[in-house]
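Each ligand, and each atom within it, is numbered from 1 in the order the structure gives.
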Amino acid sequence: MHTGTLTSRRRFLCLTGSLAAGIALQAIPPTVLAAGKKEGKELESGVNPVEDLMREHGVLRRVLLIYEEAISRIKGAEKLPSGVIADSAGIIRRFVEDYHEKMEEDEIFPRFEKAGKLNDLVKVLLAQHQAGRRLTDSILKLSEPVVLKTAEEKQDSSAAMQQIYGGTPLFGGTRLMRKKGLDTKQDLSLAMQQFIHMYRPHAAREDTVLFPAFRSIVSPREFDELGEKFEDREKELFGKEGFEKMVESVGEIEEKLGIHELSKFTPEV
Ligand SMILES: [Fe+2]
Ligand SMILES: [Fe+2]
């Protein structure tokens with residue numbers, strides 16, 4: 001981490017606060033000044049723009065796990081707790097697409113374009129954001145409670161008819177009902193699968209190639225200012241501790257699906 005972080009607005013305010021209390025900056029011993037810097041860091045989130053984007057990828061990855069679990073339950077014809085897919089897609093829309101990706105598109109990608117660096121990668125990343133939004137449109141539409149409920153009822157009704165008539169289709173009606181119910185769920189599964197398939201490499205490429213290169217194309221001052229801009233935008237959209245609240249919401253969905261215990265992912269070896 002570079003040493004020019006005192007340029008940040010909040011640290012500036014912290015220092016001017018000390019000055020207003022009648023303490024001359026020059027008179028502060030270096031050890032006290034260092035302690036003040038540490039305290040200032042603890043008071044603010046202390047998250048730089050790259051860390052900010054990377055931890056948001058953590059939220060995205062946790063939703064991918066939720067989608068994966070949902071796909072597996074649909075495949076196994078297990079019932080899903082109501083709203084888990086719609087709520088997860090809502091988090092993707094509001095937090096990942098309308099905030100995280102918007103910041104990448106407004107503040108990160110144009111700087112690479114201007115610097116003439118990683119242009120091909122940026123083009124692909126941008127196209128993937130657009131594809132992701134189209135997939136989320138589908139996921140949101142197909143996971144609407146009324147759509148899913150109807151799909152389930154069609155499947156249930158088909159199963160009941162099969163029991164009564166020993167599987168003989170009634171003028172093709174049961175087969176059609178079953179197919180329609182299954183189609184909705186299969187389309188939903190496919191959209192989630194495509195989303196997972198694209199976003200795992202997308203986020204990994206940004207974490208390992210794009211973000212590490214970002215510091216080399218902006219000044220330390222610009223880097224700091226951007227961190228604050230991200231944080232301000234996050235607060236504006238999601239309120240204080242917006243990130244923490246988002247993590248909490250994801251945790252609640254994981255709990256509904258019984259995938260919240262991290263230790264459950266440890267293999268017995
Ligand atoms: Fe991205
Ligand atoms: Fe990203």
Side-chain angles (χ1 to χ4, degrees), residues 1 45-68 85 87-140 190-218 222-239 241-251 253-254:
M1 186 169 286
S45 77
V47 178
N48 73 43
V50 164
E51 285 167 350
D52 203 25
L53 293 166
M54 281 171 133
R55 68 181 194 167
E56 286 157 15
H57 279 175
V59 171
L60 166 68
R61 288 189 175 98
R62 285 175 70 166
V63 174
L64 298 187
L65 283 174
I66 292 171
Y67 279 175
E68 209 163 53
I85 303 177
D87 291 349
S88 305
I91 290 173
I92 292 291
R93 170 68 19 112
R94 286 183 298 120
F95 190 68
V96 176
E97 295 171 350
D98 291 350
Y99 165 62
H100 172 94
E101 292 186 344
K102 184 87 173 57
M103 294 313 268
E104 287 177 345
E105 288 162 15
D106 291 350
E107 307 291 349
I108 308 286
F109 297 170
R111 284 178 167 86
F112 276 101
E113 276 158 26
K114 200 174 154 201
K117 285 195 173 174
L118 301 174
N119 285 345
D120 290 344
L121 174 62
V122 167
K123 263 185 212 157
V124 177
L125 294 171
L126 189 58
Q128 291 188 334
H129 285 184
Q130 286 152 0
R133 287 179 181 120
R134 288 194 292 275
L135 286 173
T136 299
D137 282 343
S138 300
I139 296 169
L140 282 168
L190 180 67
M192 289 191 288
Q193 191 54 60
Q194 286 177 323
F195 194 90
I196 296 168
H197 185 74
M198 181 178 75
Y199 270 106
R200 282 203 169 126
H202 180 101
R205 205 59 68 97
E206 286 181 345
D207 286 346
T208 57
V209 180
L210 194 83
F211 298 161
F214 189 62
R215 273 175 185 266
S216 69
I217 62 161
V218 291
E222 202 177 355
F223 190 77
D224 269 2
E225 284 169 356
L226 210 52
E228 295 189 2
K229 198 171 184 179
F230 282 14
E231 209 178 315
D232 289 345
R233 185 77 183 126
E234 195 177 285
K235 265 188 207 149
E236 196 186 314
L237 288 174
F238 309 108
E241 296 181 341
F243 172 77
E244 287 77 7
K245 279 185 215 153
M246 215 47 75
V247 171
E248 213 176 290
S249 302
V250 171
I253 301 171
E254 289 171 341

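Ring-plane geometry between F238 and Y99 is classed as perpendicular, the angle between the planes exceeding 60 degrees on a 0 to 90 degree scale with a lower cut at 30.
You'll find the side chain of L53 reaches within 4.5 Å of the side chain of I108, heavy atoms only. At least one side-chain heavy atom of I217 sits under 4.5 Å from a side-chain heavy atom of F214. Residues R215 and N48 meet the side-chain proximity criterion, which asks for heavy atoms closer than 4.5 Å.
Using a 4.0 Å cut-off between charged nitrogen and carboxylate oxygen, E107 and R233 do not count as a salt-bridge pair. Using a cut-off of 4.0 Å between Lys/Arg side-chain N and Asp/Glu carboxylate O, D106 and K229 are scored as not salt-bridged.
Looking only at protein N/O/S atoms, the ones less than 2.8 Å from the Fe ion (ligand 2) make 4 in total.
Between the Fe ion (ligand 1) and the N, O or S atoms of H129, the shortest distance is to NE2.
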